[in-house]
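What follows is one structure encoded as structure tokens, with my remarks underneath.
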Amino acid sequence: MKKILTLVGVSVLGGLLTLGGYKLFIEESQNEPVIVNDAQEIPIYVPTSTSTLNTIASEAPSFVEAAEKTLDAVVHVKNTAIVTAPMTMYDLFSGRSSERAQVGTGSGVIISPSGYIVTNYHVIKNANDISITLNNNKVYTAELVGSDEATDIALIKIETEEDLPFLAFGDSDNAKIGEWVLAVGNPFNLNSTVTAGIISAKSRDLTGQNVQSFIQTDAAVNPGNSGGALVNTNGDLIGINTAISSRTGSYIGYSFAVPSNIARKIVNDIMEYGNVQNGILGVVGGALNSKAAEQLGVDITEGFYVSEVQEDTGAEKAGIQSGDIIRRIDNVEINKFSDLTGYLKTKSPNDIVNVTLIRDGDEEILPVTLLKPAITLLETIGYVKNATSEDLKKYDINYGVKISEFYEENYKNYWNRNGVEEGSIVTKINGKKLYTVDDVQTAMKIRGYNEPLQIEVINKEGEKTVYNFK
């Protein structure tokens with residue numbers, strides 16, 4: 001019993017000592033400052049996507065419906081042309097003709113149930129015979145309705161008693177970069193081939209001369225695809241596959257299509273007028289960038305800078321001035337020259353467009369009526385334009401177009417040696433009288449393959465001379 005009492009007493013004494021020490025520690029610590037070490041580094045925030053693979057997979061497009069809608073409307077085009085090959089010794093002694101049949105292939109898109117087909121000009125160029133094979137293996141002979149070499153679009157037609165599957169033109173202006181597309185055609189004679197990709201760029205010019213405005217895509221396109229369909233996931237026709245960028249002749253990652261809005265306009269013009277009716281704005285200039293903006297003393301790096309307004313054009317009549325910066329035409333943004341030319345190719349003479357421009361830092365919107373071009377390019381000479389009554393009176397004639405500018409220095413040297421200068425009058429092409437630049441374009445389009453070019457010109461001495469070119 002004595003041992004137990006002793007043990008309890010020791011425990012109580014230990015507890016009291018512990019409690020007293022703890023109280024003393026707390027009181028002393030409350031009188032001491034709290035020291036916090038300064039952070040030496042700030043944590044880096046890295047943005048993180050919360051998307052999951054399942055979410056991405058659920059949004060992946062299906063190409064099945066678009067492919068099924070398109071396949072029967074895309075045809076195989078075979079072009080047979082008679083070409084003249086160099087004579088061989090065997091040809092000479094055997095009496096065999098130097099003419100050969102040359103066969104080319106491509107694709108086309110049926111755009112009406114009655115048999116109208118759009119394809120590329122280069123697919124049917126110089127064709128003596130055009131053969132069309134449908135997806136059901138039926139074969140037809142096609143006739144050329146009309147073509148436009150500048151946009152590489154041609155319209156052909158087959159005669160059939162049954163309604164054909166066809167594609168309606170979509171609105172290529174609404175196509176977005178990054179949007180999924182399908183290319184449908186017949187590469188390497190592999191009929192009914194479908195490839196997929198995205199729109200990589202718009203308003204792409206491959207010439208560097210600002211005359212083209214292609215849709216660029218990474219859908220695989222190869223020889224034989226030319227003239228085929230570029231469609232979106234709804235199966236809407238938004239382009240006609242036309243070209244590839246390649247060092248080998250085969251697809252290496254880039255392909256190009258004529259936008260459907262341009263192709264549709266060309267087709268409508270051919271059906272209604274027999275040729276293309278272009279409407280021009282009437283401005284000269286170039287696209288802006290940092291360097292150009294610095295040189296011109298402006299602080300805008302996007303848009304089309306107007307350096308000159310052509311006489312008697314819609315731009316001049318609407319009040320567009322040199323120094324204006326065009327930012328939009330209707331609802332289309334203008335960031336480069338091919339944006340401007342591409343949109344205008346969808347328009348016709350007498351169409352009215354709303355031009356949004358920047359002048360002295362202020363934004364203005366001017367309605368402009370597009371007019372027919374008063375200038376065109378004539379092979380072997382250069383640019384010619386409509387002659388005024390004073391120009392014609394000078395030479396006592398009532399028809400002719402005036403040479404505005406020689407295309408190249410060697411052309412200028414040739415014509416100058418023959419007494420022909422800028423301002424001289426071109427009166428006939430292959431015997432056809434010229435009243436306007438439209439007549440020049442028509443004469444060049446109806447000129448037969450391998451037909452010599454005959455140009456009648458009045459020189460500075462007033463002498464009419466006929467020049468023949470092969």
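Note: hydrogens, waters and symmetry copies are ignored here, and every other heavy atom, side chains too, is used.
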**Prompt:** For S348 and D269, what are the C-alpha separation, side-chain angles and deciding distance, and is it a side chain to side chain contact (heavy atoms under 4.5 Å, CB included)?
**Reply:** CA-CA 9 Å; S348 300; D269 281 355; 4.3 Å; yes

**Request:** Ignoring hydrogens and angles, state whether a donor on the side chain of Q441 or D439 is under 3.5 Å from an acceptor on the partner side chain.
**Result:** no

**Prompt:** Nearest 0.5 Å, what's the CD1-CD distance between I429 and E379?
**Reply:** 9.5 Å

**Item:** Side chains of T242 and F214 in contact at under 4.5 Å (non-hydrogen atoms)
**Value:** yes

**Request:** Classify the side-chain pair S322/E308 by whether it contains a donor and acceptor separated by less than 3.5 Å.
**Result:** no

**Message:** Would you compute the distance between atom OG of S114 and atom CG of L164 and round it to the nearest 0.5 angstrom?
**Reply:** 8.0 Å

**Prompt:** S107 and N186: side-chain donor and acceptor closer than 3.5 Å?
**Reply:** yes

**Request:** Report, as yes or no, whether the 6.0 Å neighbourhood of atom CD on E364 holds more than 12 heavy atoms from other residues, nucleotides or ligands.
**Result:** yes

**Asked** Are the side chain of D218 and the backbone of G197 linked by a donor-acceptor contact shorter than 3.5 Å?
**Response** no

**Prompt:** Are the side chain of S112 and the backbone N or O of Y116 linked by a donor-acceptor pair below 3.5 Å?
**Reply:** yes

**Asked** How about Y411: does its OH atom have over 12 heavy atoms from other parts shown lying under 6.0 Å from it?
**Response** yes

**Message:** Is there a side-chain contact between Q454 and K432 in this structure, where contact means two heavy atoms from C-beta onward sitting under 4.5 Å apart?
**Reply:** no

**Message:** Test your reading of the model: is there a side-chain donor-acceptor pair from T195 to the backbone of A220, 3.5 Å cut-off?
**Reply:** yes

**Asked** Is there side-chain contact between Y467 and N418, with heavy atoms separated by less than 4.5 Å?
**Response** yes

**Prompt:** Just checking, is any N or O donor in the side chain of N416 or E421 under 3.5 Å from an acceptor N or O on the other one?
**Reply:** no

**Request:** Mind checking the CG-OG1 spacing from N278 to T341? Nearest 0.5 Å is all I need.
**Result:** 11.0 Å

**Prompt:** Hey, are the side chains of S404 and E422 touching, using non-hydrogen atoms and a 4.5 Å cut-off?
**Reply:** no

**Message:** Is it the case that atom CG in N468 sees more than 12 heavy atoms from other parts of the structure closer than 6.0 Å?
**Reply:** yes

**Message:** Looking at N410, I'd like to know if its CG atom is crowded, meaning that more than 12 non-hydrogen atoms belonging to other residues, nucleotides or ligands lie closer than 6.0 Å.
**Reply:** yes

**Asked** Do H76 and T105 have a side chain donor and acceptor closer than 3.5 Å?
**Response** no

**Asked** Between atom OG of S226 and atom CG of D152, what is the distance when rounded to the nearest 0.5 Å?
**Response** 7.5 Å

**Asked** Is there a side-chain contact between M444 and L453 (heavy atoms, below 4.5 Å)?
**Response** yes

**Asked** Does any non-hydrogen side-chain atom of I455 lie less than 4.5 Å from one of V426?
**Response** yes

**Request:** Measure the spacing between CD1 of I117 and CD1 of I111 and express it to the nearest 0.5 Å.
**Result:** 9.0 Å

**Request:** Please answer whether the main-chain N or O of T141 pairs with a side-chain N or O of S131 as donor and acceptor at a distance below 3.5 Å.
**Result:** no

**Message:** Within the 4.5 Å heavy-atom criterion, are V368 and T313 side-chain neighbours or not?
**Reply:** no

**Asked** Around E162, counting heavy atoms of other residues, nucleotides and ligands shown, do more than 12 lie under 6.0 Å from its CD?
**Response** yes

**Message:** How long is the straight-line distance from CG of D236 back to OG1 of T70, given to the nearest 0.5 Å?
**Reply:** 9.0 Å

**Item:** No-hydrogen, no-angle side-chain donor-acceptor test under 3.5 Å, Y343 and D173
**Value:** no

**Prompt:** N289 and T301: side-chain donor and acceptor closer than 3.5 Å?
**Reply:** no

**Request:** Give a yes or no on whether K202 atom NZ has more than 12 heavy-atom contacts from other residues, nucleotides or ligands under 6.0 Å away.
**Result:** yes

**Asked** Are V306 and I325 side-chain neighbours, meaning at least one heavy-atom pair lies under 4.5 Å?
**Response** no

**Item:** Short N-O contact, K372 and D438, less than 4.0 angstrom
**Value:** yes

**Message:** Has D324 got a side-chain atom pairing as donor or acceptor with R359's backbone, closer than 3.5 angstrom?
**Reply:** no

**Request:** Answer yes or no: does atom CG of N413 have more than 12 heavy-atom neighbours from other residues, nucleotides or ligands under 6.0 Å?
**Result:** yes

**Prompt:** Where the side chain of R327 meets the backbone of I334, is there a donor-acceptor pair that is under 3.5 Å apart?
**Reply:** yes

**Message:** Could you check whether T427 and E456, counting side-chain N and O atoms only, form a donor-acceptor pair closer than 3.5 Å?
**Reply:** yes

**Item:** K78 atom NZ: more than 12 heavy-atom contacts under 6.0 Å
**Value:** no

**Under-4.0 Å salt bridge between K336 and D339** = yes

